[in-house]
Amino acid sequence: MGKPKIKSIPYEEFKDNETLEQMLDELNAHGANVVVTTADKLINWGRSNSVWPMNFGTSCCAIELMAMGAARFDMARFGFEVTRTSPRQADLILVCGTITNKMAPVLRRLYDQMADPKYVIAIGGCTCTGGPFTKSYHVVKGVDKILPVDVYVPGCPPRPEAFYYGMMQLQRKMKIENFLGTVNRKEKDEHKEEAEELQKKIINQEQEA
Amino acid sequence: MFDFSIVTKWFHSLLCGVMPEWTAIGIECLIVLLFIIVLYAILAIVLIYMERKVCAFFQCRIGPNRVGKWGLLQVFADVLKMLTKEIIKMRQSDRLLHDMAPYFVLAASFLTFACIPWNKGLEILDFNVGAFFFIAVSGIGVVGILLAGWASHSKYPIIGAMRSGAQLISYELSIGMTMLTVIMLCGTMQLSEIVQQQADYGWNIVRGHVPAVLAFIIYLIAGNAECNRGPFDLPEAESELTAGYHTEYSGMGFGFFYLAEYLNLFICSAMAATIFLGGWAPLMIPGLDGFNAVMAYIPGFVWFFAKAFFVVFLLMWIRWTFPRLRIDQLLSLEWKYLLPISMFNIILMALVVCLGLTL
Amino acid sequence: MNNKSYLGGIIEAVKSLSIGMKTSLKVFFEKHETEQYPENRSTLHFSDRNRFCLEMPHNDKNEHKCIACGLCQMACPNDSITVTSEMVTTEDGKKKRQLVKYEYNIGQCMFCNLCVQACPHGAIRFNQEFENAVFDKNKLLMQLNQPGSKVEEKPKPAPAAKPAAPAAAAPKAEAPATTETTKKEE
Amino acid sequence: MTLDIRTIAPSELHEEMLRLKTERQMDFLVNLVGMDWGEEGLGVIYMLESTRTGETATLKTVTADRENPFIPTVSDLWQIANIYEREVYDFFGIKFLNHPDMRRIFLREDWVGYPLRKDDKTEEENPLRMTDEPLADTTHEYFLKEDGSVGVKENTVWGKDEYVVNVGPQHPSTHGVLHMRASLDGEIVKKVGLVLGYIHRGVEKISESMTYPQLLAMTDRLDYFSAMQNRHALCMCIEKAMGLEVSERVQYIRTIMDELQRIASHLIYYACMTMDTGALTAFFYTFREREQLMKIFEDNFGGRLIMNYNTIGGVMYDILPSFVKEVKEFEKALRNRFKEYQDIYTNNVIAKGRMVGVGTISNEDAISLGLTGPVGRASGWKNDVRKRHPYAMYDKVDFTEIVRNEGDTNARHWNRMDEMLESLNIIDQLIDNIPAGEFQAKRKPIIKLPEGCFYQAVEASRGELGVFIESKGDKTPYRVHYRSSSLPLANAMDTASRGQKFADLIAIGASMDFVIPDIDR
């Protein structure tokens, strides 16, 4: 898998290429079959160009997401406009807005309900680090505490252009992944075991009842 | 007008010459199947692309333009993605019914696909109760939707499914009534014959004037409702029921519903084109012989697709203009307005036909 | 609809629906106002009041204006600025505070402009660089002073060394705009 | 300028409140603030107003018992007190006697402690819990037994055989993370219950540790559609307490900004309303004009949604020379487009069918529920703060208060539409004569408010937004409370949508136009 290309922005002008190259090295560590790589490229092309975001937003950033869908910025140009309201059909969850302690399990559940491959973009200060509400008793300080985040988009709220930039960063990341290749997609969710344990517990409780 | 039955008959006799008839028919069936599947896929992709562009233009945007030239490859990317997406299996759903539901919906649209006359002599199923068959098989779709809602074991899908049950069963009546109006005018239920008559005597919408226009409008409304498209998208009702009956479907399961929605849209428009706008019959204006000759030169299937896509655009225009109806508005529209009017329309058509007032 | 006749209701409804369809068709043929972001990168311009990322301007001698007084850190409502400083003795024997590291967490910043207003020397400002999305959370923590940079030496020490009021700092930056506006309205 | 507060013992509270309501016609409970005065005990401040005479009264009651603080409820006198008292219970642990529903409302039901108490160790006792939130179907009611002791009885909220649909916390039409539990009978809504707090960010608690200039940053993020007005309220409250005069230029600019913000908010309202009723195209129409406004905001204030514009004693930047021209252009564009909005949606027969006669709220209910803003005015209640307690330039401009009497969704919708035009009228009167002057008054670098309680309300896009500050003379406030304009609106969902269809629940919710972070704070 080579360096990912994005229309209209040269590779060098993107931020944080170091992390991307590091990921690329990890994935390509064992080498890959030519046929498989070609097939992977096709699949990755499909996936990266058909990112259907989930209709999720908790506060201010969600309004910018709406503005992004509207005529001036038009996310349909990228094929992102098919916002799904059901998590089952979405590929991407744009965490727009503060996640509070009460919302955290709900968000986690939404994420668990999504079908693989799924991605998370943390939009805005609140989801990156807690943002304006870092001192609060009821705010999750960084959504990476509960979800595996792929891209961080800082801003309060970020401009719609910054949203696109984040989405294109994600596309770049999607373009280097392996679907059929030797090394499969990195097991990126560090909270997975926790969630599975919880699920088992719930199943047990249900069976007892 | 070129008659495709010459080609099909020649092909049939060619096959029969080298093999027994039953194998020939078998091979022909396979070819037809392939033809339907390919056409199905192409149409779905074209329609989805068209919907996204048209809707963008209605909303003063420009729509997909970054994947391929003018975004032409957008839908291919979507299909690829959906094919490689995980299919979620839910613990508490009724697995068998849940997995079967999308195929019911697909089957319904496949079957209705079969009875559309694409060109003169080019239809897959052509029998004397074609219109009847069309109504009958299009009713299978509602079973799929009901099953999807029921088997999902979830609250929103079940509300969506129940709504769709009420809606489809009601609007089927109007569809039947309006088709009956046309059948009355043509005196036949055979779809190829209906089109042939239109080629000979002028399009039904002109020939049947007032009652035919009324029937056409009612058919469009009811057909739109049959396709579950806005403003009749109550079973999906994004803002109320998240995604309605297919809330719990992921990957290709959802993909099938998505495809079927667009195919149903096409079938609805194709049927409107067939029975009202003359199917493959070219536009003929009496008196303008030169113009008519040029029109007749254009192949029939081009006419057919042009008319069908015109109706598709009309339906998209409606969809992207109106707010969604509420369930009681929906039912009162059918039972208080469309049904009585179409009944009255049948009587009117009967009078028109009996008194020889057709154009 | 009780006070209207059956037919009247239908006519009314058809009328309103056709007006709606006419309106939407009109818009269908209107010009689209879409800004195509990555394609228009070269022409994209924001007013300099936009606040997307804090920066510390350095001159060509790799010097900045920060004296590490820490007022910005104190003004920040949610601790997204950390100023690390050390005391050094200058050649003429005076003790002086010197900036070691100016850390700014863009992921935490709420772009309220209090730090810029609090700065008595205009050492920091917001820029219009909005492309800040990264893969790694640690990359959100930026060091604003360039490696090896030092404080700009002024020929004379500024008379207003004590921190000015935040309010006083603002007009300085916006002075040209103010005068223009007033002139125009007179 | 501090508030004149009368203290009443808890035992006499209910009687006195009843007297005020019946004799002095104090039928509008403006605000109810829970307080923790440390040594003195826990208490509540009530702010009342009469809709007939315009009289106001502020009362407070204190109980010294920190373990089991009991105060009699006033929720039988004002419906809105029901939810306010639950909020106070949630944050301070004050139990209200005879209140029918003493459940937590913002925090999880398994939350330990009461976060807004000064001695609470919230962070330690409440780690991030990833288990599903327990939602009880029953609730407690505390009542006074004849012997003077307090008894508890259990009330059922959700019966066993009810078909309860959870609308939210993640649902496309709740405009955020509101959680409504709707009990359905087929398509008919029987009852709606609210579970709030999914975006409770603890703004009031954070504010207590912030200096006054820092405090300003929080208000923009409460009701982000009224960012200007919110900050205006807070700035005015602080200025009032400090005795700081702002120049006329600032007053003009602030008034114009407030009205522009109101237009932007109502444009979004229209977009949301159409989206919720399924008219997706109309959604894009108002966003088009809003983007034009956003361009003005971007250029002048450096922010689209959150502007951080008002400051104590002025505004952050002076307006740009091009401002006047751009606003006029926008005004022209909006007036041209206005008919288009009505053509495609409002006058449409389907939309009318979904709005007329749906979700009716009577005048008495509106007052009792404290529904200010366009919603209250749709029920015939003249509650515009701009008229009741004029501030900034509002007493010098000529504008009409839009009032309708039907109280249904249609009236609420049209109220907002007309208010946009009225806002344009206000801007018309001001835009050409902005006087020259300072855009930032001189003030000390460190701001300290004198001791006392201060309250300032503004007419935000969704109704009365009030800022209550209690100061002990420090550079940080002792207690900040925002009278949310959206909380009463969300609370009215039950009243408005009972007996309506499920689809109406969504339309009514859209017509209320609440903003969730403003509810939860």
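Nothing here was measured: the structure is a model prediction, and the numbers come from that model. Residue numbers start from 1 in every chain, and the chains themselves are labelled A, B, ... in the order their sequence lines are given, proteins ahead of strands.
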- Message: If you apply the rule side chain to side chain contact (heavy atoms under 4.5 Å, CB included), what do you find for D/Ile516 with A/Thr58, and how did you get there?
- Response: CA-CA 8 Å; D/Ile516 320 297; A/Thr58 61; over 6 Å; no
- For residues A/Phe133 and D/His200, establish whether the separation of their ring centroids is below 6.0 Å.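 A/Phe133 vs D/His200: aromatic centres not under 6.0 Å.
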Residue part contacting chain A, namely of [X], when any heavy atom lies under 4.5 Å:
{"X": "D/Ile268", "answer": "side chain"}
{"X": "D/Ile199", "answer": "both"}
{"X": "D/Gln292", "answer": "neither"}
{"X": "D/Leu196", "answer": "backbone"}
{"X": "D/Val515", "answer": "neither"}

- Query: Any residues in residues 157-166 of chain A near chain D, with a heavy-atom distance under 4.5 Å, and which are they?
  - Reply: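 Near chain D, by residue number: A/Pro157, A/Arg159, A/Pro160.
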- Item | Gap between atom CZ of D/Phe287 and atom CD1 of A/Ile63 - 0.5 Å precision |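 Separation between the atoms: 7.0 Å.
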- Rounded to the nearest 0.5 Å, what separation is found between the NZ atom of A/Lys145 and the CG atom of D/Leu128?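 CG of D/Leu128 is found 9.0 Å from NZ of A/Lys145.
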- Task: For the pair D/Asp520 and A/Thr100, evaluate side chain to side chain contact (heavy atoms under 4.5 Å, CB included) and give the outcome as yes or no after the intermediate values.
- Result: CA-CA 11 Å; D/Asp520 291 350; A/Thr100 59; over 6 Å; no
- Message: Is there a side chain to side chain contact (heavy atoms under 4.5 Å, CB included) between D/Gln170 and A/Met54? Walk through the geometry before answering.
- Response: CA-CA 10 Å; D/Gln170 156 55 21; A/Met54 198 174 126; 3.6 Å; yes
- Message: I'd like to know whether NZ of D/Lys475 has more than 12 heavy-atom contacts from other residues, nucleotides or ligands below 6.0 angstrom.
- Response: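 No, not enclosed.
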- More than 12 heavy atoms of other residues, nucleotides or ligands under 6.0 Å from CZ of D/Arg337: is that the case?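 Correct, the count exceeds 12.
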- Derivation and outcome, side chain to side chain contact (heavy atoms under 4.5 Å, CB included), residues D/Phe283 and A/Met66: CA-CA 10 Å; D/Phe283 168 86; A/Met66 274 160 80; 3.8 Å; yes
- Item | Side chain, backbone, both or neither of A/Cys156 within contact of chain D (heavy atoms, under 4.5 Å) |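 It is both, since atoms from each part get that close.
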- Task: Select one option (side chain, backbone, both, neither) describing which atoms of A/Ala62 are under 4.5 Å from chain D's heavy atoms.
- Result: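 For A/Ala62, there is no contact with chain D at all, as no heavy atom is under 4.5 Å.
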- Query: In terms of the angle between their ring planes, are D/Trp111 and A/His138 parallel, tilted or perpendicular, with boundaries placed at 30° and 60°?
  - Reply: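 If you compare the ring of D/Trp111 with that of A/His138, the planes turn out perpendicular.
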- Message: Hydrogens and angles aside, do D/Arg201 and A/Ser136 bring a side-chain donor and acceptor to less than 3.5 Å of each other?
- Response: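 No - no donor-acceptor pair under 3.5 Å links their side chains.
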- Do any N or O atoms from the side chain of A/Ser59 and from the backbone of D/Pro517 form a donor-acceptor pair under 3.5 angstrom?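 No; judged by distance alone, with no hydrogens or angles, the pair does not exist.
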